Colleague: 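One structure, pasted below without further comment.
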Amino acid sequence: MLAPTTRAPRWTSQRRVLELHLSELHKCGDLDRLKQIQAQVYKSHLHRDPFVVPKLVSAYSLCGRLPGALSAFHQVPSPNTLLYNTLIRACAHGSRSRSLAFDAFFDMRRSEVFPDNFTYPFLLKACLGPSALSQVEMVHAHVVKLGFLCDIFVPNALIDAYSKNGGLGLVAAKKMFDGMPERDTVSWNTVIAGLVRAGDVKEARQMFDRMPERDTVTWNTLLDAHAKAGEMDEAFELFERMPERNVVSWSSVVSGYCKKGDMEMARLLFDKMPTKNLVSWTIMISGYAEKGLAKEALSLFDQMENSGLEPDVATIVSILAACAESGLLALGKRITSYVGRNKLMRTTHVCNSLIDMYAKCGCLDIACDLFEGMVERDLVSWNSMLQGFAMHGHGEKALDIFFRMKREGIRPDGVTFLGVLCACTHVGFIEEARKYFASMERDYGIVPQIEHYGCMIDLLGRGGLLKEAFDLTKSMPWEPNAIIWGSLLGACRVHNNVEFAEEAVNELIKVEPSDAGNYAILSNIYAAAGRWDGMSKARVQMKGTGAQKPAGSSWIELGDVVHEFTVGDRTHPESDRIFMMLDRIGEHLKKAGYFPRAYS
DNA sequence: ATAGGGTTAG
């Protein structure tokens with residue numbers, strides 16, 4: 001028998017309605033709606049209600065408005081465990097507010113509000129960055145002291161947090177896993193994911209084979225690991241063997257074949273997918289875009305829209321990155337017009353991707369207009385613009401950007417200095433470059449990475465300061481890589497220095513023995529110096545390694561067709577006319593007094 | 001009554 005309906009007191013039903021509205025916000029994330037509801041909360045005097053406020057806090061967090069979450073939190077004079085937990089989760093969510101999660105936690109402890117088993121998984125999400133490992137260790141100690149290891153969610157979250165901290169963290173994660181009295185599928189999946197992240201696909205696979213019960217996530221993790229490692233035979237074998245496939249499984253194989261460049265196979269599987277979501281479309285479109293296949297990418301983008309799916313920020317950013325990589329301006333412009341029609345797309349992130357894409361495609365004027373038109377510029381915006389100018393040889397403009405960002409109080413990072421040093425190279429500012437390089441760590445606390453050394457070495461070498469360039473190479477805290485030896489070698493060629501060149505090329509061959517270009521360069525250097533003995537030695541050396549030099553290529557986009565050219569290639573339909581034009585240009589150059597170097 | 005961990009696009 002059902003009990004007769006009892007009428008709840010008016011204030012209770014009002015609160016129920018508000019709670020319901022607030023939990024609906026979890027899905028849509030509508031900020032205006034949230035503000036309306038918050039006004040209702042105030043009007044009903046529920047802004048201190050211990051069950052309503054947590055919902056407000058998480059709704060604000062889901063809308064990406066941490067200040068709103070914080071102010072809702074601060075309305076409550078003495079927050080309880082639930083409210084603190086929601087706040088910690090809200091802070092852990094954003095990338096800039098992670099330290100606030102710990103502030104909230106310490107505040108919670110000071111107020112003698114007791115953490116529970118829900119507190120720690122949230123707090124562990126906030127452990128990222130340089131001091132993450134010690135943070136995880138601290139949380140681990142708390143957990144042990146308060147005895148929350150018995151809730152399997154907590155050790156699982158610990159495994160995840162530990163495993164995100166490199167080799168040392170992975171050791172701790174495995175130790176945690178081994179010490180658990182009981183493990184569930186998530187425990188296994190988390191260690192396996194950690195191993196994959198660390199690049200140890202082999203051990204991940206061993207654990208996968210040892211696992212008592214695998215779910216779709218387990219299969220997907222390993223499938224994707226193989227796909228990302230370029231091992232598509234293994235990936236496809238797992239894909240066929242797995243008992244159940246979902247969108248993620250299909251997306252992973254499609255993505256794997258795209259990365260391998262096997263677009264036919266990728267497309268075949270993409271067409272066979274039982275259900276496609278925004279992610280799968282993004283993978284396929286970006287795959288085409290990255291390969292410069294404009295027609296396919298454009299037509300697929302239209303098909304996606306026709307199927308009723310709205311691209312989101314991630315889709316747009318991903319496609320734009322692919323366009324930037326291949327120089328696919330046509331699709332980039334199509335995306336730009338899409339962004340222009342959608343107010344939701346006017347985010348800093350999207351704008352940054354547009355600037356990067358236009359800059360890399362050589363349209364610096366458009367990139368510049370976009371940059372100047374931005375209302376809110378973040379570090380990435382400044383870096384993209386700076387890098388864009390530097391990359392295309394506009395050293396002064398790049399440095400102007402650097403001075404402007406300093407004036408506006410933006411803290412530069414390592415990427416900024418990479419752009420600055422690159423700009424100095426283009427304008428031959430050796431003295432300035434030395435100054436900036438020295439100021440990185442001293443004034444900004446940025447430890448120069450091997451890329452920064454590479455820039456400096458390149459710059460000194462180009463300037464003819466070969467001795468200084470070699471000295472810097474040897475004083476680096478790392479073993480020089482192929483890029484560094486290569487740029488030293490380039491400098492030796494320009495400045496006709498055979499002694500240094502011999503050393504550089506021998507080192508280059510040590511780190512990159514299968515690149516035939518290196519032997520060719522060595523041989524050319526001997527030839528130029530009239531040392532025929534050395535020349536034939538280099539030729540023999542190359543034969544011995546079976547090295548092959550992949551042909552370099554250049555390409556240009558006209559309309560929406562990308563024309564690609566390689567050395568000696570005569571497959572282009574207009575080939576004869578192109579070579580005729582090249583000859584004419586060559587004549588003009590000679591008349592203007594330019595003679596190509598004998599060896600380059 | 002209340003909220004939580006692992007995989008895929010960036």
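A note on names: the letters A, B, ... follow the listed sequences, proteins ahead of strands, and every chain is numbered from 1. Only a predicted model underlies this, so the values are computations on that prediction, with no experimental measurement involved.
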Colleague: Walk me through it: do Thr416(A) and Arg411(A) pass the test side-chain contact (heavy atoms from CB on, under 4.5 Å)?
Modeller: CA-CA 9 Å; Thr416(A) 315; Arg411(A) 271 196 81 83; over 6 Å; no

Colleague: Listed by chain and number, what are the side-chain contact (heavy atoms from CB on, under 4.5 Å) partners of Thr218(A), not counting sequence neighbours?
Modeller: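 Only Thr185(A), Asn189(A), Ile192(A), Phe208(A), Met211(A), Arg214(A), Asp215(A) meet the side-chain contact (heavy atoms from CB on, under 4.5 Å) criterion with Thr218(A).
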
Colleague: For Phe118(A), give me all partners under ring-ring contact (aromatic ring centres under 6.0 Å, His included), at least two apart in sequence or on another chain.
Modeller: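 ring-ring contact (aromatic ring centres under 6.0 Å, His included) check on Phe118(A) returns nothing, list empty.
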
Colleague: Rounding to a whole Å, what distance do you find between Leu56(A):CG and dT2(B):C1'?
Modeller: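 After rounding, the reported distance stands at 14 Å.
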
Colleague: Please enumerate all residues that pass salt bridge (charged side-chain N to carboxylate O under 4.0 Å, His left out) together with Asp103(A), with sequence neighbours excluded.
Modeller: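 For Asp103(A) there are no salt bridge (charged side-chain N to carboxylate O under 4.0 Å, His left out) partners, ignoring immediate neighbours.
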
Colleague: May I have the distance from Lys55(A) (atom NZ) to dA3(B) (atom C1'), rounded to whole angstrom?
Modeller: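 The answer, rounded to whole Å, is 9 Å.
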
Colleague: When the side chains of residues 131-142 of chain A are checked against the rest of the protein, which donor-acceptor pairs come out under 3.5 Å, sequence neighbours left out?
Modeller:
| residue | atom | partner | partner atom | Å |
| --- | --- | --- | --- | --- |
| Ser134(A) | OG | Ser131(A) | O | 3.0 |
| His140(A) | ND1 | Tyr162(A) | OH | 2.8 |

Colleague: Near DNA chain B, counting only heavy atoms under 4.0 Å, which residues of residues 136-148 of chain A show up?
Modeller: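 Hits under 4.0 Å, by residue number: none.
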
Colleague: With the threshold set at under 4.0 Å for non-hydrogen atoms, list the residues of residues 167-175 of chain A touching DNA chain B in residue-number order.
Modeller: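 Within residues 167-175 of chain A, no residue comes under 4.0 Å of DNA chain B.
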
Colleague: In whole Å, I'd like the distance from the CG atom of Leu82(A) to the C1' atom of dA3(B).
Modeller: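 Distance, rounded to whole Å: 7 Å.
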
Colleague: Whole angstroms only, please: what is the CG-P distance between Asp116(A) and dT2(B)?
Modeller: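 It is 14 Å, rounded to the nearest whole Å.
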
Colleague: Residues two or more places apart in sequence or in another chain: which of them pass side-chain hydrogen bond (donor to acceptor under 3.5 Å, both in side chains) with Asp378(A)?
Modeller: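 side-chain hydrogen bond (donor to acceptor under 3.5 Å, both in side chains) check on Asp378(A) returns Asn352(A), Ser381(A).
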
Colleague: Round to the nearest Å and state the distance from Met108(A) atom CE to dA3(B) atom C1'.
Modeller: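 Atom-to-atom, Met108(A) to dA3(B), this comes out as 12 Å.
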
Colleague: Identify all side-chain donor-acceptor contacts of residues 235-256 of chain A below 3.5 Å with residues at least two apart in sequence or on another chain.
Modeller:
| residue | atom | partner | partner atom | Å |
| --- | --- | --- | --- | --- |
| Glu237(A) | OE2 | Arg241(A) | NH1 | 3.1 |
| Arg245(A) | NH1 | Phe239(A) | O | 2.5 |
| Asn246(A) | OD1 | Asn220(A) | ND2 | 3.2 |
| Asn246(A) | OD1 | Val248(A) | N | 3.0 |
| Asn246(A) | OD1 | Ser249(A) | N | 3.1 |
| Asn246(A) | OD1 | Ser249(A) | OG | 2.9 |
| Ser249(A) | OG | Asn220(A) | OD1 | 2.8 |
| Ser249(A) | OG | Asn246(A) | N | 2.9 |
| Ser249(A) | OG | Asn246(A) | O | 3.2 |
| Ser251(A) | OG | Val247(A) | O | 2.8 |
| Ser252(A) | OG | Asp224(A) | OD1 | 2.9 |
| Ser252(A) | OG | Val248(A) | O | 3.4 |
| Ser255(A) | OG | Lys259(A) | NZ | 3.2 |

Colleague: Write out a two-atom table: protein N or O, nucleotide N or O from nucleotides 7-10 of chain B, distance below 3.5 Å.
Modeller:
| residue | atom | partner | partner atom | Å |
| --- | --- | --- | --- | --- |
| dA9(B) | OP1 | Lys228(A) | NZ | 3.2 |

Colleague: Should the side chain of Asp215(A) and the base of dG6(B) be counted as holding a donor-acceptor pair, with the cut-off at 3.5 Å?
Modeller: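 In this structure, the two groups form a donor-acceptor pair.
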
Colleague: Counting only pairs under 3.5 Å, give me each side-chain donor-acceptor contact of residues 167-177 of chain A, with atom names and distances, residues two or more places apart or in other chains.
Modeller:
| residue | atom | partner | partner atom | Å |
| --- | --- | --- | --- | --- |
| Lys174(A) | NZ | Glu203(A) | OE1 | 3.3 |
| Lys174(A) | NZ | Glu203(A) | OE2 | 3.4 |

Colleague: Base, sugar-phosphate, or nothing for Asn80(A), non-hydrogen atoms under 4.0 angstrom?
Modeller: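 Asn80(A): no heavy atom of the nucleic acid under 4.0 Å.
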
Colleague: Please report, rounded to the nearest Å, how far the P atom of dA1(B) is from the CZ atom of Phe51(A).
Modeller: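 Going from CZ in Phe51(A) over to P in dA1(B) covers 10 Å.
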
Colleague: Could you check how far CD1 of Ile88(A) sits from P of dG4(B), rounded to whole Å?
Modeller: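 Whole-Å distance recorded here is 14 Å.
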
Colleague: Between the side chains of Asn85(A) and Thr119(A), does any donor sit under 3.5 Å from an acceptor?
Modeller: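 Side-chain D/A pair, Asn85(A) to Thr119(A): present.
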
Colleague: Measure from the side-chain heavy atoms of Lys125(A) and tell me the nearest of dG4(B), dG6(B), dA3(B).
Modeller: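 So the side chain of Lys125(A) is nearest to dG6(B).
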
Colleague: Using the test side-chain contact (heavy atoms from CB on, under 4.5 Å), find all partners of Leu300(A) that sit at least two apart in sequence or belong to another chain.
Modeller: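 side-chain contact (heavy atoms from CB on, under 4.5 Å) list for Leu300(A), sorted by chain: Arg267(A), Phe270(A), Trp281(A), Met284(A), Ile285(A), Tyr288(A), Gln303(A).
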
Colleague: Identify, with sequence neighbours excluded, every residue that meets side-chain hydrogen bond (donor to acceptor under 3.5 Å, both in side chains) alongside Arg197(A).
Modeller: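 Arg197(A) satisfies side-chain hydrogen bond (donor to acceptor under 3.5 Å, both in side chains) with Ser163(A) only.
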
Colleague: Tell me whether the OP1 or OP2 atom of dA3(B) has a side-chain N or O from Arg89(A) closer than 4.0 Å.
Modeller: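 Answer no for this pair, as no side-chain N or O of Arg89(A) is under 4.0 Å from OP1 or OP2.
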
